[in-house]
Amino acid sequence: MAEVESVTRQAIPAAEFVEDVDAYMKKLNNPTPDTILKQLEENLNKYRFLESNLGQKKRRLKAQVPEISKSLELLKHLEKKSEDSGPMETRFMLSDQVYAKAAIAPTKTVGVWLGANVMVQYSLEDAQALLSRNLSQAQRNLKQVAEDLAFLRDQCTTTEVNMARLYNWHVQKRRNQRS
């Protein structure tokens, strides 16, 4: 089966819609329908695997965007409070349902967790710039993943329709041969 008609950014091959099964089978030098059905089933499984992976990525990004937004809001609040001369009183979470009071002295730097147990100290402006870039990148990635998922769903549907058409064609051909 010729798979590549168009390709998305993630290099997901497009499924070719089979309009005329007779012509399609002749174009492929008459392989058995079972062989083509196995290929289509294999392609469908690949599409579903990719769909599962992209679904996980989408869930992770959907959780990441609000987290980054919340961190940006906190930075803006810290920036406002750093202009005041007195310490800022707050509560921070120690564990689930356990909070402690703290007084934070005015500061011009913050620690930003980068991941993999790495924390880097940034000025408030640099941290805000970094988190803004991360937020816009996460939103772009979320949009791209949503587009890729929609494309994959279309490919799954096309492949399933092709499988049904090929199966029905094969059944009809066997009936005609018996008569």
Side-chain angles (χ1 to χ4, degrees), residues 1-76 112-120 122 126-179:
M1 176 174 181
E3 289 179 15
V4 181
E5 179 180 291
S6 65
V7 177
T8 66
R9 253 179 45 184
Q10 292 290 325
I12 301 168
E16 176 187 349
F17 179 71
V18 178
E19 191 75 36
D20 181 8
V21 179
D22 279 326
Y24 180 73
M25 292 301 285
K26 288 176 185 172
K27 182 175 82 173
L28 296 177
N29 297 326
N30 293 321
T32 64
D34 292 333
T35 305
I36 300 301
L37 281 171
K38 284 180 186 175
Q39 279 181 322
L40 289 171
E41 182 71 32
E42 186 177 307
N43 289 345
L44 184 61
N45 288 336
K46 288 177 185 177
Y47 287 139
R48 287 188 177 147
F49 176 75
L50 285 171
E51 188 176 23
S52 172
N53 287 344
L54 285 176
Q56 289 173 0
K57 186 175 183 178
K58 183 177 179 180
R59 283 188 293 280
R60 190 181 75 246
L61 286 168
K62 274 188 162 185
Q64 190 178 28
V65 167
E67 190 176 308
I68 295 172
S69 297
K70 190 175 177 181
S71 296
L72 273 169
E73 288 176 27
L74 180 61
L75 279 176
K76 290 175 185 174
V112 177
W113 284 105
L114 298 179
N117 292 326
V118 175
M119 179 184 240
V120 178
Y122 284 102
D126 290 343
Q128 198 166 9
L130 173 72
L131 289 175
S132 294
R133 278 193 314 271
N134 288 353
L135 179 62
S136 64
Q137 182 65 37
Q139 289 169 335
R140 276 193 306 272
N141 288 347
L142 187 58
K143 183 181 176 204
Q144 182 62 43
V145 166
E147 289 171 5
D148 287 346
L149 276 170
F151 179 78
L152 267 173
R153 285 186 193 108
D154 288 345
Q155 302 321 298
C156 285
T157 302
T158 301
T159 303
E160 288 169 342
V161 167
N162 286 342
M163 290 172 68
R165 289 173 57 87
L166 181 63
Y167 180 79
N168 291 340
W169 174 84
H170 185 53
V171 168
Q172 187 66 39
K173 191 173 181 179
R174 283 188 306 200
R175 281 185 190 161
N176 291 342
Q177 286 176 347
R178 284 187 211 151
S179 340

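In what follows, residues are counted from 1 in the order of the sequence shown. This is a predicted model, so every value here is computed, not measured.
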Quick one, [X] and [Y] - any side-chain contact, counting heavy atoms below 4.5 Å?
{"X": "L166", "Y": "V18", "answer": "no"}
{"X": "T159", "Y": "M163", "answer": "yes"}
{"X": "M119", "Y": "L114", "answer": "no"}

At their closest point, which heavy atom of [X] faces which heavy atom of [Y], and how far apart are they?
{"X": "P13", "Y": "F151", "answer": "O-CE2, 4.2 Å"}
{"X": "P31", "Y": "I36", "answer": "CG-CD1, 3.6 Å"}
{"X": "L149", "Y": "G55", "answer": "CD2-N, 4.1 Å"}

Determine whether the side chains of D148 and Q144 contain a donor N or O and an acceptor N or O closer than 3.5 Å. yes
Does a donor on one side chain and an acceptor on the other come within less than 3.5 Å for Q137 and N141? yes
Could you go step by step and tell me if L54 and K58 meet the side chain to side chain contact (heavy atoms under 4.5 Å, CB included) rule? CA-CA 6 Å; L54 285 176; K58 183 177 179 180; over 6 Å; no
Residue from K57, Q56, K62 passing side chain to side chain contact (heavy atoms under 4.5 Å, CB included) with R59: Q56
Side chain Y167, main chain P33, donor-acceptor under 3.5 Å: no
R165 side chain to E19 main-chain N or O, any donor-acceptor pair under 3.5 Å? yes
E42 with K46: basic N within carboxylate O range, under 4.0 Å: yes
Point-to-point distance, once rounded to the nearest 0.5 Å, from [atom1] of [X] to [atom2] of [Y]:
{"X": "S69", "Y": "L74", "atom1": "OG", "atom2": "CG", "result": "12.5 Å"}
{"X": "L130", "Y": "L135", "atom1": "CG", "atom2": "CG", "result": "11.0 Å"}
{"X": "Y47", "Y": "D154", "atom1": "OH", "atom2": "CG", "result": "10.5 Å"}
{"X": "W169", "Y": "M25", "atom1": "CH2", "atom2": "CE", "result": "4.5 Å"}
{"X": "Q155", "Y": "N162", "atom1": "CD", "atom2": "CG", "result": "10.0 Å"}
{"X": "N43", "Y": "T158", "atom1": "CG", "atom2": "OG1", "result": "12.0 Å"}

Checking L28 against Y24 for the side chain to side chain contact (heavy atoms under 4.5 Å, CB included) test, could you report, in this order, the C-alpha distance in whole Å, the side-chain angles of both residues, the deciding distance, and whether it holds? CA-CA 6 Å; L28 296 177; Y24 180 73; 3.4 Å; yes
Are more than 12 heavy atoms from other residues, nucleotides or ligands located less than 6.0 Å from atom CZ of R174? yes
Answer yes or no: are there more than 12 heavy-atom neighbours, outside E67 itself, under 6.0 Å from its atom CD? no
After noting the C-alpha distance and the side-chain angles of E160 and R48, does the key distance pass the salt bridge (charged side-chain N to carboxylate O under 4.0 Å, His left out) rule? CA-CA 12 Å; E160 288 169 342; R48 287 188 177 147; 2.5 Å; yes
